[in-house]
Colleague: 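Sharing a structure with you now.
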Amino acid sequence: MNFQITLHEYAEDKKINWYLNSEHSVMCLIPFSYPSTEAKSLEADSDLMRREGAKIHSFLITLNKAYHKTRKFKTIYINYSDDSEYKNTRLLDSFLEGFELANYQFINRKSDPKDNLFKLETSFSDKLSSASVMGTFIARDLVNEPLSHLNAEKLSTLLEKLSKDSGFTLEVFHEEKIKKLKMGGLLSVNKGSIAKPTFNILTYKSKNSKEINPIVLVGKGVMYDTGGLSLKPTLNSMDMMKCDMGGAAAVIGVISALASAKADCYVVGLIPAVENRPGGDAYVPGDVVTMMSGKTVEVLNTDAEGRLILADALHYAKQYNPELVIDLATLTGSALRAVGKYGIVAMENYKNNFFNKISENMRSLVSVGDIVGERVVVQPFWDDYGQELESDVADIKNLGGSEAGHITAGKFLEHFVDYPWIHLDIAGAAFFKQDYLYHKKGGTGIGVRLLVAWIATHRLS
Ligand code: BES
Ligand code: ZN
Ligand code: ZN
């Protein structure tokens with residue numbers, strides 16, 4: 001059966017209201033002030049529309065549960081009413097986005113998969129919005145796949161196909177090449193594992209792009225994190241650790257989206273992919289690792305592995321002469337404790353970096369985050385934090401003190417960059433235990449819509 005959702009502006013209220021119009025239709029009333037073109041209302045209104053789209057989606061799911069199979073809704077139409085004055089496409093796109101993002105299921109591993117999804121008959125006005133929803137689904141699928149079905153080499157095989165489908169180029173380094181490059185961080189983390197590591201380079205440059213300096217995205221690809229020999233100590237904390245490649249998944253989602261929408265930009269994605277396990281040859285606390293950059297690192301906790309593989313990738317990024325490097329990583333429990341599941345914590349090596357002085361790039365990233373509903377919170381990044389990484393035996397150690405662990409992790413990474421750089425710790429928002437807003441239980445694909453929107457607008461400014 002078909003279901004119609006009608007949007008209509010409404011003068012007399014400050015919030016969105018909706019009601020059942022008939023058995024097959026909902027009327028959604030949007031306050032008149034929403035379609036205003038004023039930039040200041042853009043953030044709040046877009047995300048309120050997105051949240052409303054997800055709420056109506058969940059209402060329809062409830063109806064379908066109650067209805068007999070002959071009467072269940074399958075096809076959904078979403079439009080403005082004919083006598084609507086504004087027919088604001090930005091608001092409609094936000095609503096569609098919320099509905100679509102809520103309309104996701106991961107059923108790849110069911111033996112008898114049942115697709116309970118709605119078929120949406122309305123298309124986005126902005127092709128980048130629809131591409132970023134598709135990119136978010138790619139990222140969610142990758143996070144939701146367990147290690148049994150997605151290790152580093154399988155990820156690279158999957159990327160081969162995706163690169164052809166979406167239109168980006170791919171280069172994969174296997175173990176031999178990684179050894180030749182002396183990526184000591186990556187190799188050490190993977191030592192306890194039987195499966196081989198890979199290093200993946202995704203490149204997308206639009207036909208017309210005259211850019212010489214790419215934006216480089218680096219994604220933490222720990223396909224599974226047991227903690228290694230410093231085995232995760234907290235009860236059940238390992239259950240969700242297939243999400244430890246959430247940064248890698250986001251980078252893949254972003255580049256797929258930009259490439260399939262043929263967005264005008266030059267972007268490179270770097271993904272070091274490993275698994276962190278105890279094993280006969282696993283690296284041990286106390287080991288000193290020589291990184292690709294030549295720096296030596298004393299490993300005091302094998303569970304602080306993300307920074308070791310990212311460091312090699314960040315060093316590798318130097319050869320691109322990048323305009324900006326952004327890394328995404330489920331890096332620390334400390335980031336999760338700082339902001340919960342509600343946002344992303346960010347740091348940067350901007351030189352004017354006493355608190356509240358942030359780069360233009362960071363400023364626009366925060367503002368795009370508010371619009372797309374993937375919020376970014378800038379953290380202090382004083383050099384004092386870095387002192388905690390001093391080592392007795394090597395250049396630095398991979399562990400700071402017990403406080404502000406997300407910032408000392410950022411300080412560790414800073415040792416390996418010599419270009420403008422932003423670090424996004426997505427540990428809080430990458431994986432949910434329950435449905436929340438337009439996110440489903442499991443991988444959220446956080447970071448994809450943020451960076452697709454940011455890269456698209458960055459070029460214009
Ligand atoms: N992958 C974890 C961080 C994480 C925690 C991701 C929760 C997603 C949800 C990371 O590798 C880790 O274990 N970090 C340690 C570092 C510590 C040993 C310095 C942490 O944050 O506890
Ligand atoms: Zn870890
Ligand atoms: Zn990890």
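We count ligands from 1, going down the list as the structure has it; atoms in each ligand are counted the same way. Throughout, numbering of the chain's residues begins at 1 and tracks the sequence.
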Colleague: If you round to 10 degrees, what value do you get for the angle at the Zn ion (ligand 3) between K220 atom NZ and D244 atom OD2?
Modeller: 90°
Colleague: Considering non-hydrogen atoms of the protein only, which is the closest contact for atom 2 (C) of ligand 1, and what is the distance?
Modeller: D225 OD2, 3.5 Å
Colleague: Apply the salt bridge (charged side-chain N to carboxylate O under 4.0 Å, His left out) test between K232 and each candidate in D225, D239, D244; give the one that qualifies.
Modeller: D225
Colleague: Kindly indicate whether a cation-pi arrangement holds for K341 with Y436, taking the cut-offs as under 6.0 Å to the six-membered ring centre and within 45° of the axis.
Modeller: yes
Colleague: Of all the atoms in ligand 1, which lie at a distance below 4.0 Å from a heavy atom belonging to N301?
Modeller: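 Counting from 1, the qualifying ligand atoms are 18 (C).
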Colleague: For ligand 1, which atoms sit closer than 4.0 Å to a heavy atom of K220?
Modeller: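 Every atom of ligand 1 under 4.0 Å from some heavy atom of K220: 1 (N), 10 (C), 11 (O).
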Colleague: So L63 and L60, do their side chains get closer than 4.5 Å, heavy atoms only?
Modeller: yes
Colleague: Is any N, O or S atom of L331 under 2.8 Å away from the Zn ion (ligand 3)?
Modeller: no
Colleague: Can you tell which of L399, V222, T332, L308 gets a heavy atom nearest to atom 17 (C) of ligand 1?
Modeller: L399
Colleague: Evaluate the salt bridge (charged side-chain N to carboxylate O under 4.0 Å, His left out) criterion for residues R449 and E97: first the C-alpha distance (whole Å), next the side-chain angles of each, then the deciding distance (0.1 Å), finally the verdict.
Modeller: CA-CA 10 Å; R449 289 181 308 108; E97 203 171 87; 2.8 Å; yes
Colleague: Below 4.0 angstrom from a heavy atom of K232, which ligand 1 atoms are there? Numbered from 1 as shown, please.
Modeller: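 Result: 2 (C), 12 (C), 13 (O).
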Colleague: Find out whether the Lys NZ or Arg CZ of K177 is both under 6.0 angstrom from the six-membered ring centre of F199 and within 45° of the ring's axis.
Modeller: no
Colleague: Would W18 and F59 count as a close aromatic pair, with their ring centres under 6.0 Å?
Modeller: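 Here the rings of F59 and W18 have centres that are less than 6.0 Å from each other.
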Colleague: Does the distance from a Lys or Arg side-chain N to an Asp or Glu carboxylate O, for D327 and K220, drop under 4.0 Å?
Modeller: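 Here D327 does not pair with K220 in a salt bridge, since their nearest N and O are not under 4.0 Å apart.
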Colleague: Taking side chain as C-beta onward, heavy atoms only, is V299 less than 4.5 Å from S188?
Modeller: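 When only atoms from C-beta onward are counted, S188 and V299 do not touch, as no gap falls below 4.5 Å.
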Colleague: Closest N/O/S atom of D225 to the Zn ion (ligand 2), by atom name?
Modeller: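 When I compare the N, O and S atoms of D225, OD2 is nearest to the Zn ion (ligand 2).
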Colleague: Heavy atom of M241 under 4.0 Å from ligand 1?
Modeller: yes
Colleague: Nearest protein heavy atom to atom 10 (C) of ligand 1, by residue and atom, and its distance?
Modeller: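 Going by distance alone, atom 10 (C) of ligand 1 is nearest to L331 O, 3.2 Å.
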Colleague: Based purely on interatomic distance, does G333 place a nitrogen or oxygen under 3.5 Å from a nitrogen or oxygen of ligand 1?
Modeller: yes
Colleague: Which of the numbered atoms in ligand 1 are below 4.0 angstrom from a heavy atom of E305?
Modeller: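 That gives atoms 11 (O) of ligand 1.
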Colleague: Give the atoms of ligand 1, by number and element, whose distance to some non-hydrogen atom of T330 is under 4.0 Å.
Modeller: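 Within the 4.0 Å cut-off of T330, ligand 1 contributes 1 (N), 2 (C), 3 (C), 6 (C).
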Colleague: May I ask you to establish whether K242 and Y224 are in a cation-pi arrangement, using a distance under 6.0 Å from NZ or CZ to the six-membered ring centre and at most 45° from the ring axis?
Modeller: no
Colleague: Could you tell me whether the Zn ion (ligand 2) has an N, O or S atom of E305 under 2.8 Å away?
Modeller: yes
Colleague: Does R307 come within less than 4.0 angstrom of ligand 1, counting non-hydrogen atoms of the residue?
Modeller: yes
Colleague: List the closest protein heavy-atom neighbour of atom 12 (C) of ligand 1: residue, atom name, distance to the nearest 0.1 Å.
Modeller: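 Nearest neighbour among protein heavy atoms for atom 12 (C) of ligand 1, to 0.1 Å: D303 O, 3.2 Å.
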Colleague: Examine R140 relative to Y104 and say whether NZ or CZ is less than 6.0 Å from the centre of the six-membered ring and inside a 45° cone about the ring axis.
Modeller: yes
